[in-house]
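Chain identifiers are assigned alphabetically (A, B, ...) following the order of the sequence lines, protein sequences preceding nucleic acid strands; residue numbering begins at 1 within each chain.
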Protein chains: 4
Amino acid sequence: MSWSDGERYALERAGCAAGDNVRVPSTQRSSQSPSPARRREILETAARVFAEQGYNATTVRKIADEAGLLAGSLYYHFDSKESMLEEILSGFLDELWAGYDEVLAAQLDPKDTLAALVTESFREIDRHRDAVAIYQKEARQLAVQPRFAFLAESQRRFEQVWLETLERGVSAHAFRADLDLRLAYRFLRDTVWVAASWYRPGGGHSPEQIARQYLSMVLDGIAVPG
Amino acid sequence: MSWSDGERYALERAGCAAGDNVRVPSTQRSSQSPSPARRREILETAARVFAEQGYNATTVRKIADEAGLLAGSLYYHFDSKESMLEEILSGFLDELWAGYDEVLAAQLDPKDTLAALVTESFREIDRHRDAVAIYQKEARQLAVQPRFAFLAESQRRFEQVWLETLERGVSAHAFRADLDLRLAYRFLRDTVWVAASWYRPGGGHSPEQIARQYLSMVLDGIAVPG
Amino acid sequence: MSWSDGERYALERAGCAAGDNVRVPSTQRSSQSPSPARRREILETAARVFAEQGYNATTVRKIADEAGLLAGSLYYHFDSKESMLEEILSGFLDELWAGYDEVLAAQLDPKDTLAALVTESFREIDRHRDAVAIYQKEARQLAVQPRFAFLAESQRRFEQVWLETLERGVSAHAFRADLDLRLAYRFLRDTVWVAASWYRPGGGHSPEQIARQYLSMVLDGIAVPG
Amino acid sequence: MSWSDGERYALERAGCAAGDNVRVPSTQRSSQSPSPARRREILETAARVFAEQGYNATTVRKIADEAGLLAGSLYYHFDSKESMLEEILSGFLDELWAGYDEVLAAQLDPKDTLAALVTESFREIDRHRDAVAIYQKEARQLAVQPRFAFLAESQRRFEQVWLETLERGVSAHAFRADLDLRLAYRFLRDTVWVAASWYRPGGGHSPEQIARQYLSMVLDGIAVPG
DNA sequence: CATGAATGAGCCTTCATTCAT
DNA sequence: CATGAATGAAGGCTCATTCAT
């Protein structure tokens with residue numbers, strides 16, 4: 001398998017200019033504007049603990065301990081445990097969609113689009129490992145709550161983007177015609193995102209390297225053999 | 001892609017004679033001796049709710065409600081919420097290993113072994129959908145507890161079996177030689193098990209059909225072309 | 001001043017057959033039906049403590065202590081601290097309106113109606129002293145909450161009943177024509193209900209005796225006529 | 001009913017020279033020396049919010065918000081939330097007693113004294129509406145605390161003054177001899193002060209007008225004399 | 001077998017208060 | 001004078017678990 005220009009484009013893309021976001025974050029600094037540094041620090045701590053122990057199993061005390069303050073003090077920065085979760089997830093999704101939108105705007109051919117999306121996904125896993133892990137574990141249950149409706153919306157758009165790409169690929173004879181596309185979509189989606197459960201940033205493989213390997217396995221499976 | 005004898009063997013296997021279990025369940029009828037029927041009924045209810053809402057988010061009262069008794073009454077049948085979880089997971093793993101062991105005992109060639117393992121996995125997903133979903137979500141955190149050491153042990157053996165199969169396949173020139181085998185292992189493992197998160201028993205596709213599709217995607221990716 | 005038949009009717013009325021209630025209590029035993037005895041016991045304790053210390057200043061621990069159980073155990077009987085408050089207040093208002101409705105149904109002349117209403121009020125103070133005290137102190141702030149809308153509704157009907165009685169009395173030349181009726185209404189209303197703040201059941205005066213004295217002052221004044 | 005000289009005296013009295021205070025306020029400028037203007041502004045805000053929401057239900061942050069500073073900044077001006085309350089209540093009582101003392105010093109006859117006291121009370125309601133409302137709601141619970149002993153002391157003196165006036169009136173055949181004086185005292189006291197719960201300064205009626213109406217009802221009753 | 005009632009530990013959250021800047 | 005950030009003590013509530021009946 002050799003890399004097309006499109007794939008190269010995707011794999012080399014470095015900057016992440018914000019495209020049109022999927023949603024406007026409802027938590028734009030809950031009315032106050034406390035020091036963003038401390039705030040982000042706490043949020044990253046929360047994300048890590050949520051990812052490690054699960055959202056429900058995580059106590060705010062634990063977060064506070066790890067962040068070096070008392071449980072009550074968290075509430076100076078955040079409205080609630082849930083609002084931390086919301087901010088973590090929406091922050092991740094916003095960036096993800098910024099990346100995806102840029103890929104889509106490039107109007108690559110189906111195979112290159114798929115490669116670029118996969119690569120972008122691994123980049124997001126690299127950048128938001130904790131958020132992705134949380135997302136994997138909690139999204140299904142959260143999505144039914146009005147507050148987390150943006151998760152459901154994101155899932156919907158996600159499916160649409162990937163399915164369209166697959167369909168375009170089938171039409172263009174880039175992907176096998178005998179695929180059950182919904183199954184293939186799930187296969188791809190899970191295959192990529194579950195990686196967050198074992199991926200460790202800075203662990204020998206760059207996101208791009210992993211993406212390349214995954215693509216090699218995945219693509220040569222669903223591509224029309226040549 | 002055509003099906004080898006080994007694959008056919010795997011796909012047709014119906015019975016599930018218990019092979020040598022990985023572990024002896026410590027919870028064989030927690031000291032009382034209630035009607036096994038009611039007991040299983042409750043356990044299945046618990047599994048369903050655990051799978052739907054997550055173990056932590058599930059209250060013992062919710063289980064009781066769905067099973068048609070009061071929360072306190074559960075403790076006649078089970079020692080604790082945790083012991084229900086343990087029984088659910090160990091029951092699933094015991095059956096899984098019974099299936100795997102039978103496959104391994106057949107000493108098929110690498111490609112057929114892999115096919116048979118994948119097929120067996122989808123059969124277990126079909127039979128223990130809730131348990132698999134719970135396993136996916138909770139195993140990592142549970143495995144560190146002594147009580148759930150059998151999870152870690154199972155994971156270890158799981159990795160060993162799959163890696164060996166892959167290695168044998170590379171040696172036999174059945175699988176591509178340029179694979180990062182650990183990556184390929186994770187890829188396979190996740191790809192198969194995550195299916196539990198969307199699979200619905202009796203939903204148009206039999207486990208064997210899904211297995212075949214997955215194998216088609218996966219195998220033609222990792223198989224040596226040509 | 002001598003007592004008319006109507007007043008005598010009011011003062012002698014003993015039984016309290018439930019007329020048409022103002023509202024259906026939304027808290028009809030929150031889905032369970034735990035022993036009504038213990039439930040009422042706790043509720044009376046809560047009412048007493050609320051009346052003594054104020055609703056906000058009362059901790060559920062305090063209620064539990066006084067009722068002889070642990071704080072958490074209250075939640076077996078009640079959904080929340082607020083639901084106890086609701087039940088206390090609605091129970092009182094339901095009985096009050098049962099009494100008022102019976103008085104109104106008797107279609108007495110204005111002066112007798114007023115006397116009967118005042119007497120009935122003192123009877124309710126006697127029976128629901130704590131509830132009345134709570135009502136006095138908290139109603140204004142509670143009434144704006146949807147959950148306690150029945151308070152506002154009751155106040156509205158209350159004002160209507162009393163104002164009508166006063167107006168009929170003025171028309172019938174039973175009450176002075178030079179009164180500011182809204183002022184007189186408030187005067188009467190407060191005068192009667194504030195008594196709950198100092199009234200002690202079984203303290204020498206029966207509700208009927210106190211009602212008689214109050215009526216004497218309200219109707220005829222404290223000054224020596226002439 | 002016509003107005004005696006004494007009543008006229010009472011109704012026309014405008015100035016409010018401070019007589020001998022009941023107590024020396026312990027909070028005279030809590031150790032700092034901030035601008036008295038800002039201080040009073042904050043105190044009035046606090047009084048308003050206390051009156052609206054109740055002392056316990058009022059957060060120090062709410063006061064700060066309404067006063068246009070941060071919660072912590074209040075502590076530059078005041079020692080504590082409680083000290084604000086104390087200052088509000090003592091300020092009101094000091095002025096009230098200044099007025100009462102002046103009335104008493106005039107040595108009017110019982111009926112005129114009573115009229116003057118009532119009128120003075122309505123004037124205080126007009127001037128210190130919030131403080132009176134707070135007093136009504138919180139005094140009972142506060143009075144037991146050493147810090148608020150001045151409330152109990154004031155109540156004691158209050159009762160003494162009114163009871164004496166009533167007794168003098170009965171002796172002088174100005175008031176009915178068949179009254180239960182303690183009951184009459186409570187009747188009068190409540191009747192007057194509860195008005196604070198609905199009185200709105202600048203709402204059509206001057207304090208003197210309301211006082212006149214109340215006196216008319218209290219002294220002569222609402223019934224047409226027979 | 002099941003219920004009703006209670007326990008007690010722990011959770012999220014609130015809030016008066018402090019204090020360095 | 002005021003702010004930003006934190007403290008620490010409660011407070012309301014949940015929930016797994018127990019146990020007499």
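For B:K81, counting side-chain heavy atoms from C-beta on, the closest listed nucleotide (F:dC13, F:dA16, F:dG4) is F:dA16.
Around CZ of C:R61, the count of heavy atoms belonging to other residues, nucleotides or ligands within 6.0 Å does not exceed 12. A:R129 CZ: more than 12 foreign heavy atoms inside a 6.0 Å radius.
When the nearest nucleotides of DNA chain F are assigned to C:T58 and A:A71 by heavy-atom distance, the more 5′-ward of the two goes with A:A71. Checking C:L74 against A:Y55, the closest nucleotide of DNA chain E that is more toward the 5' end is the one next to C:L74. Ranked by how close their nearest DNA chain F nucleotide is to the 5' end, B:V60 and D:G68 are led by D:G68. Nearest-nucleotide positions on DNA chain E place C:G72 closer to the 5' end than the other of C:G72 and A:T59.
Rounded to whole angstrom, the span from the CZ atom of C:F78 across to the P atom of E:dA6 amounts to 11 Å. F:dG11 atom P lies 11 Å from atom CG of D:N56, rounded to whole Å. For the pair C:E41 CD and E:dG4 P, the interatomic distance rounds to 19 Å; values are reported in whole Å. Between the CG atom of C:D65 and the C1' atom of E:dT7 there is a distance of 14 Å, rounded to whole Å. Rounded to an integer number of Å, the gap from B:M84 CE to F:dT17 C1' is 11 Å. Rounded to an integer number of Å, the gap from D:I42 CD1 to F:dA2 C1' is 11 Å. One atom, CD of D:Q53, and another, C1' of E:dC15, lie 14 Å apart when rounded to the nearest Å. B:R39 has its CZ atom 14 Å from the C1' atom of E:dC1, to the nearest Å.
For C:H77 and E:dA6, the shortest distance from a side-chain N or O to OP1 or OP2 is below 4.0 Å. One finds a side-chain N or O of A:S73 lying less than 4.0 angstrom from the OP1 or OP2 phosphate oxygen of F:dT7. Within the structure, a side-chain polar atom (N or O) of D:R38 is placed less than 4.0 Å from OP1 or OP2 of F:dA2. In this model, the phosphate group of F:dA16 is not approached by any side-chain N or O of B:S80 to a distance below 4.0 Å at OP1 or OP2. C:R61 has no side-chain polar atom (N or O) that falls below the 4.0 Å cut-off from OP1 or OP2 of F:dA10. Contact check, D:Y75 against E:dT17: a side-chain N or O comes under 4.0 Å of OP1 or OP2.
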Could you give me the CA-CA distance, side-chain angles and deciding distance for A:L43 and A:F78, then say whether side chain to side chain contact (heavy atoms under 4.5 Å, CB included) is met?
CA-CA 9 Å; A:L43 208 55; A:F78 300 94; 3.6 Å; yes
As a quick check of understanding, evaluate side chain to side chain contact (heavy atoms under 4.5 Å, CB included) for A:Y76 and A:L69, giving each step before the final call.
CA-CA 11 Å; A:Y76 178 75; A:L69 36 63; over 6 Å; no
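The partner of F:dA20 is E:dT3, judged by Watson-Crick or G-U wobble contacts that both fall below 3.5 Å. Across all strands shown, E:dC12 is found opposite F:dG11 as a Watson-Crick or G-U wobble partner, with both distances under 3.5 Å.
With values rounded to the nearest 0.5 angstrom, A:M84 atom CE is found 8.0 Å from A:Y55 atom OH.
Within 4.0 Å of A:L69, counting heavy atoms only, lie sugar-phosphate atoms of the nucleic acid but no base atom.
In this pair, A:Y135 and A:F92 present their aromatic rings perpendicular. The plane angle is above 60°, beyond the 30 to 60° band.
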